[in-house]
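The figures here come from the full heavy-atom set of this structure, side chains too, leaving out hydrogens, waters and symmetry mates. Numbering starts at 1 and runs along the sequence shown. Keep in mind it's a predicted model, so treat the numbers as computed, not measured.
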Amino acid sequence: MTDEITFAAHRARLFAIAYRMLGVRADAEDVVQDAWLRWQGADTRGLQSAEAWLVTVVTRLSIDRLRAAIAEREAYEGLWLPEPLVAVDEETPEAQAERASDLSLAYMWMLQRLGPEERAAFLLRQVFDYDYADVAQQLGKSEAACRQMVSRAGERVQKPQSRFDIPPETHRQLLQRFVQAAATGEKAAVRALLAEDLELVGDGGGKVKSFGIVITDPDKIAALYAGMHKLGAVEYRPALVNGEPGLLRFIDGQLESAQGFLSDGQRITGIYVVRNPDKLAGVLR
């Protein structure tokens with residue numbers, strides 16, 4: 001097997017790791033490209049596992065890049081959500097491959113509580129299912145240290161309700177009812193579909209108006225959605241947003257946001273709204 005074929009066989013997993021670490025498509029692609037360049041220049045003749053070598057390189061590159069990104073994000077205006085991965089046609093192979101609750105905007109939002117190495121250890125063990133010996137080798141740390149990092153991370157990251165707990169069609173139907181309720185302009189109709197323990201996270205990036213804080217008042221959130229028609233002609237289109245049924249919102253024909261949702265199957269428990277136009281630029285390409 002040639003080096004190019006070997007690398008291609010692992011590219012999807014390498015991108016998946018880098019994106020979950022960084023939350024930015026271009027940064028993840030840059031890390032994978034950098035790994036490819038290093039792979040081309042490496043002596044791989046005595047290599048026991050190409051996957052282990054490549055995952056180690058991508059993980060360490062991602063840790064370094066995330067450290068720099070964290071410093072940059074301290075100056076970011078408002079709340080930071082990842083650049084959304086959006087599939088309009090949910091039946092494509094790419095969309096099917098990304099149907100994972102550990103990719104959702106809600107999960108990525110919670111991962112920001114973790115430091116770079118802690119995040120890497122947690123993802124490699126809990127999401128990508130590497131054993132602790134592999135994680136230790138990939139991070140250049142002891143198994144005991146990796147176990148401790150994963151344990152601490154698990155205390156701070158609660159896995160959101162996933163499509164494996166709630167059938168995708170149930171989730172999708174709830175979003176349809178939510179869109180229909182918002183279209184009536186009646187706050188009570190929207191409010192009936194929102195859970196009491198709800199959070200709304202919005203990312204405008206300083207480019208468009210955003211609250212800058214997490215909103216947890218369901219009455220306020222209901223009023224926001226019921227009143228959206230005041231801004232212009234509002235249209236919601238279903239899409240797969242980071243592996244979960246979500247919505248694209250258009251105002252006067254222009255894409256205004258990509259939205260991910262959590263639900264318990266009956267009510268919406270979380271709304272994650274990416275409005276920063278820089279992060280929406282690649283959505284409809």
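Closest approach of V179 to Y236, counting heavy atoms only: CG2-CB, 3.7 Å. Looking at every heavy atom in both residues, E244 comes nearest to S104 through CG-CB, 3.8 Å. Scanning all heavy atoms of the two residues, the minimum distance from A239 to L248 falls at CB-CG, 3.9 Å. Nearest approach of A181 to L193, heavy atoms of both residues: CB-CD1, 4.1 Å. The shortest heavy-atom contact between V86 and A258 is CG2-CB, 4.4 Å. L198 and G270 get closest at one heavy-atom pair: CD1-N, 3.5 Å.
Under a 4.0 Å N-O distance rule, the pair R152/E155 does not qualify as a salt bridge. Ion pair E196/R267 not flagged as a salt bridge, since none of the NZ, NE, NH1 or NH2 atoms sits closer than 4.0 Å to an Asp/Glu carboxylate oxygen. One finds no salt bridge joining R249 and E235 here, because no Lys/Arg side-chain nitrogen approaches an Asp/Glu carboxylate oxygen to under 4.0 Å.
Under the 4.5 Å side-chain heavy-atom criterion for grouping Ile, Leu, Val, Met, Phe, Trp and Tyr, L255 is connected to V241 within one hydrophobic cluster. Under the 4.5 Å side-chain heavy-atom criterion for Ile, Leu, Val, Met, Phe, Trp and Tyr, V157 and F128 are members of the same hydrophobic cluster. Both M21 and F122 are assigned to one and the same hydrophobic cluster, defined by single-linkage of ILVMFWY side chains at heavy-atom distances under 4.5 Å. At a threshold of 4.5 Å between side-chain heavy atoms, the hydrophobic network of Ile, Leu, Val, Met, Phe, Trp and Tyr places V31 and V127 in one connected group. Neither W80 nor L105 shares a network with the other; the hydrophobic side chains, linked directly or stepwise wherever heavy atoms of I, L, V, M, F, W or Y lie under 4.5 Å apart, form separate groups for each.
At most 12 non-hydrogen atoms from other residues, nucleotides or ligands lie less than 6.0 angstrom from CD of Q254. When the shell of 6.0 Å around CD of E4 is examined, it contains 12 or fewer heavy atoms from other residues, nucleotides or ligands. Within 6.0 Å of the CD atom in Q266, the count of heavy atoms belonging to other residues, nucleotides or ligands does not exceed 12.
Remark: R119 pairs with no residue by the salt bridge (charged side-chain N to carboxylate O under 4.0 Å, His left out) rule, at least two apart or across chains. For H10, there are no side chain to side chain donor-acceptor pair (under 3.5 Å) partners two or more places apart in sequence or in a different chain. Every residue two or more places apart in sequence or in another chain that forms a side chain to side chain donor-acceptor pair (under 3.5 Å) with D278 is listed here: K207. Qualifying side-chain contact (heavy atoms from CB on, under 4.5 Å) partners for A28, counting only residues two or more places apart in sequence or in other chains: F15, A18, Y19. Qualifying salt bridge (charged side-chain N to carboxylate O under 4.0 Å, His left out) partners for R67, counting only residues two or more places apart in sequence or in other chains: D64, E117. The side-chain contact (heavy atoms from CB on, under 4.5 Å) search around Q48 returns none, not counting sequence neighbours. Legend: residues meeting side-chain contact (heavy atoms from CB on, under 4.5 Å) with R11, ordered by chain and number and at least two apart, are F7, V32. Every residue meeting the side-chain contact (heavy atoms from CB on, under 4.5 Å) condition with V214, not counting sequence neighbours, appears here in chain and number order: L79, W109, E199, V201, T216.
Within the 3.5 Å criterion, the main-chain N or O of P238 finds no donor-acceptor partner in the side chain of Q176. Although no hydrogens or angles enter the test, the distance criterion places a donor-acceptor pair under 3.5 Å between the side chain of N242 and the main chain of L103. Judged by distance alone, the side chain of R65 and the main-chain N or O of L61 form no donor-acceptor pair under 3.5 Å. Under the 3.5 Å distance criterion, the side-chain polar atoms of S62 are matched with a main-chain donor or acceptor of V58.
Residue pairs meeting the ring-ring contact (aromatic ring centres under 6.0 Å, His included) criterion with at least one partner in residues 240-266, sequence neighbours excluded, are F178-F261. Here ring-ring contact (aromatic ring centres under 6.0 Å, His included) pairs that include residues 46-74, with residues two or more places apart or in two chains, are W39-W53.
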I'd like to know whether M149 forms a side-chain contact (heavy atoms from CB on, under 4.5 Å) with L139, so could you lay out the CA-CA distance, the side-chain angles of the two residues, the decisive distance to 0.1 Å, and finally the verdict. CA-CA 11 Å; M149 283 194 290; L139 297 183; 3.9 Å; yes

L81/M108 under side-chain contact (heavy atoms from CB on, under 4.5 Å): CA gap, chis, key distance, verdict: CA-CA 8 Å; L81 285 170; M108 299 279 285; over 6 Å; no

For L54 and V57, run side-chain contact (heavy atoms from CB on, under 4.5 Å): C-alpha distance rounded to whole Å, both residues' side-chain angles, the deciding distance at 0.1 Å, then the answer. CA-CA 5 Å; L54 289 167; V57 169; 5.7 Å; no

Evaluate side-chain contact (heavy atoms from CB on, under 4.5 Å) for R13 paired with I17, printing each intermediate quantity in order. CA-CA 6 Å; R13 167 153 286 210; I17 292 171; 4.1 Å; yes

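A distance of 11.0 Å separates CG in D129 from CG in L124, rounded to the nearest 0.5 Å. Taking SG of C146 as the start and CG of D131 as the end, the distance is 10.5 Å to the nearest 0.5 Å. One distance of note links CD of Q180 with CG of L175; it measures 11.0 Å at 0.5 Å rounding. In this structure, the separation between CD on Q112 and CZ on R156 is 13.0 Å, given to the nearest 0.5 Å. The CG atom of L262 lies 4.5 Å from the OG1 atom of T269; values are rounded to the nearest 0.5 Å. Note: Q148 CD to E143 CD = 14.0 Å, rounded to the nearest 0.5 Å.
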Enumerate, atom names and distances included, each donor-acceptor pair closer than 3.5 Å involving a side-chain atom of residues 69-77, sequence neighbours excluded.
residue	atom	partner	partner atom	Å
R73	NH2	L22	O	2.8
Y76	OH	D203	OD1	2.5
Y76	OH	D203	OD2	3.2
Y76	OH	N276	ND2	2.8
Y76	OH	K279	NZ	3.4

Please list every donor-acceptor pair under 3.5 Å in which a side-chain atom of residues 219-228 meets a protein atom from a residue at least two apart or in another chain.
residue	atom	partner	partner atom	Å
D219	OD1	R191	NE	3.1
Y225	OH	Q259	OE1	2.7

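Between V24 and P82 there is no side-chain heavy-atom pair separated by less than 4.5 Å. Counting heavy atoms from C-beta on, the side chains of I268 and L174 come closer than 4.5 Å.
Both tests do not hold together for R125 against Y130: distance to the six-membered ring centre under 6.0 Å, angle to the ring axis within 45°.
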